[in-house]
There are 2 protein chains.
Amino acid sequence: MPSIYDVAREARVSIATVSRVFRGTAPVSAATRERVLAAARALGYRPNRIARALAEGRTRAIGVMLPTDISNPFYAQLAQHVASCARTASYDVAVGLPPDDSVESFLETTAALEERQVDGLLLCASCSRVAAYAARRPQGACPAVAVGCLPTVDVPLVSADEEYGGYLITNHLLALGHRRVAFLCAPGQPGTAHPQGREHGYIRAMDARGLEPLLWHGVGTLESGYTRVRDLMAEHGDLTALVAVNDAAALGALRALYELKRPVPAHVSLTGFDNVVQGVYSAPALTSVDLPVAEMAERAVRLLLSLVGCDGTVPTRIIVRPRLVVRESTAPPRPH
Amino acid sequence: MPSIYDVAREARVSIATVSRVFRGTAPVSAATRERVLAAARALGYRPNRIARALAEGRTRAIGVMLPTDISNPFYAQLAQHVASCARTASYDVAVGLPPDDSVESFLETTAALEERQVDGLLLCASCSRVAAYAARRPQGACPAVAVGCLPTVDVPLVSADEEYGGYLITNHLLALGHRRVAFLCAPGQPGTAHPQGREHGYIRAMDARGLEPLLWHGVGTLESGYTRVRDLMAEHGDLTALVAVNDAAALGALRALYELKRPVPAHVSLTGFDNVVQGVYSAPALTSVDLPVAEMAERAVRLLLSLVGCDGTVPTRIIVRPRLVVRESTAPPRPH
DNA sequence: CTGAAAGCGCTTACAG
DNA sequence: CTGAAAGCGCTTACAG
């Protein structure tokens, strides 16, 4: 690989001039500019970004922590939008993919990103992970913004109003006439001290009508939705509606109800959360809650880049509103 | 952020010694080692990997190009396994996420990874992208290994025998008694000069029984599976089985057949490809072809790392065998 | 507009 | 086992 010295020799200029041409900012005469570019082309020169980063004291890259399982379409879309927003701002993105689900792996992967001197960090992760990160964050670390987690951590963040989403979709079921409605949880949700999760919206909607909430544990995956709903229906066969914590769990629940011969929505209504594309093509299509992923990605990148450089890290909190999407999986309860 | 100089001053040793301690290879006396570590801990020092990379002439990171839509569980799993294999070998992974689907974005993103001086590149991409990369690859570029594409490119690669998979699953349908079987394609597949894709396995199986192949265009997504199968059944209502190019398309097709009141598998048999988890929980669960993703990831990382450093880039080709997974979406054709 | 020098934070020989 | 010097490939003031 040719270096800046090779180009300088070939074009008969100093390395400072070659540098000026490739940075594009400092003034260079048209003639030398041409000469340098020609030399670079002939040699196949490409600036070494790592050397540039060392000299400049910044990398022009932001780190993006993603969950281990990136097949979750919410995070997949988030990553995609983040990548394009960053590119628009002339930043590279360095993706961090924890090798497994443990908090330690998460922290190690963020550390690896920081050792590579990213200018900022976007944390697409659960609030427990973000909290663990915040707790061990060394002073002088690059700015970080959490995206998509509950706003329970003292870190700049952009999140959706999950509680409101949970309220919206539960209320949709209650308005249809359902009274025996269970909530299928994801881990860490019930019992958290901060009433901002999806399940708290469910609880608020139930409480408002004087109904008894029923929280049923799960982990928010296809498999968990399937096995947990089999158990749930065995114990509470009189339920007429299920609010799943996300679309994956709802899709697993859909399969369980199919096997149990409890047609959706004729016998049981079912809702998801996240408005994932798989829920559009399931049979029946899922009623869900849409999170404005593109907007969240864009605002997160903007916020992070505004924090880069300026130390005044005011803990900004941006909360966006989710939206109910009614499809085929919900209907009035059948008369008994 | 403290630098190696700060630690050296604090521990009253030379920077060379601090460097030795943190590299862990060169001999250092236990006493100075302790002193250096204590100083580093006190200051919160973390080695600057970017400076190290510049000095060493290598980054100890491999770049991994992923498709724009990483929600495809095949690539998601691949990425996950690659990340853990790389970490086991003490390599970081730098993920490249093209901001959109164009070949230009793909090439720009690989270039960005190369400018950041990754030691090797894993290309999880279609063979047309890999071919475009190979065509413009400068001499002296880091070694690259393609994974998961058709073995039609002159690049070291690890791929599945897709033709065999297509043959396997088509033959499964033919053995059940089906005779009017269509193949739902993904772009770039029909008409390629290299008969190694899934659709060629289908063609071979059909030919072997003297049956007329029917290739139907599509793009291999949920949406395309849905809309294209509506069109297909309108024109060829007598089909008794459909071979989809992948599980996503099959899931879209499943929804279309549901709307058309053509129950699967009672009226029409349907197969997927990739053995994605969504196909396990669909109703009916999909008969599919399983690709050994973990093995592919591991062999790809191994191959790439063996290529790093040694210039003898022999175009190695590793082809792994897929496996038929029979579930609920296939059955004998109903008697007419 | 252009060049010579110093420096970014490390590692690599080379001495001792 | 340890240190002083040079160098990795760039950029940043400083002169001219």
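Chain A is the first sequence line, chain B the second, and so forth, proteins listed ahead of strands; every chain is numbered from 1.
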Scan residues 39-54 of chain B against DNA chain D and write down, sorted by residue number, each residue with any heavy atom closer than 4.0 Å; if none is found, say none. Leu54(B)

Side chain of Asp119(B), backbone of Arg60(B): donor and acceptor closer than 3.5 Å? yes

By a strict heavy-atom criterion of less than 4.0 Å, which residues belonging to residues 6-28 of chain A are in contact with DNA chain C? Val13(A), Ser14(A), Ala16(A), Thr17(A), Arg20(A), Pro27(A), Val28(A)

Could you state the interatomic distance from CG (Leu113(A)) to OG1 (Thr59(A)), rounded to the nearest 0.5 Å? 9.5 Å

Going by atom types alone, do Ser29(B) and Arg33(B) pair a side-chain donor with an acceptor below 3.5 Å? no

When you measure from the side chain of Thr110(A) to the backbone N and O of Leu107(A), does any donor-acceptor pair fall under 3.5 Å? yes

So among Leu307(B), Leu304(B), Ile318(B), which one has a side chain to side chain contact (heavy atoms under 4.5 Å, CB included) with Pro156(B)? Leu307(B)

Given the options Val147(B), Ile319(B), Thr316(B), Leu150(B), Leu157(B) meets side chain to side chain contact (heavy atoms under 4.5 Å, CB included) only with Ile319(B)

Note: chain B reaches DNA chain C at heavy-atom distances under 4.0 Å over the stretch, first to last nt, 5' to 3', of dG9(C) to dA13(C)

Base-pair map of DNA chain D as dot-bracket, where | denotes pairing with a different strand and pairs are Watson-Crick or G-U under 3.5 Å: |||.||||||||.|||

Thr68(A) (side chain) donor-acceptor with Asp100(A) (main chain) under 3.5 angstrom: yes

Run the salt-bridge test on Asp92(A) and Arg116(B) with the 4.0 Å N-O cut-off and return the result as yes or no. yes

Could you give all pairs that pass the ring-ring contact (aromatic ring centres under 6.0 Å, His included) test and reach residues 9-56 of chain B, with sequence neighbours left out? Phe22(B)-Tyr45(B)

Any side-chain to backbone donor/acceptor pair from Arg137(B) onto Cys142(B)? Under 3.5 Å, distance only. yes

Under 3.5 Å, is there a donor on one side chain and an acceptor on the other for Ser19(B) and Arg23(B)? yes

With sequence neighbours excluded, what pairs up with Glu108(B) under the side-chain hydrogen bond (donor to acceptor under 3.5 Å, both in side chains) test? none

Which residue lies toward the 5' end of DNA chain D, Thr32(B) or Ala55(B), if each is placed at its nearest nucleotide? Thr32(B)

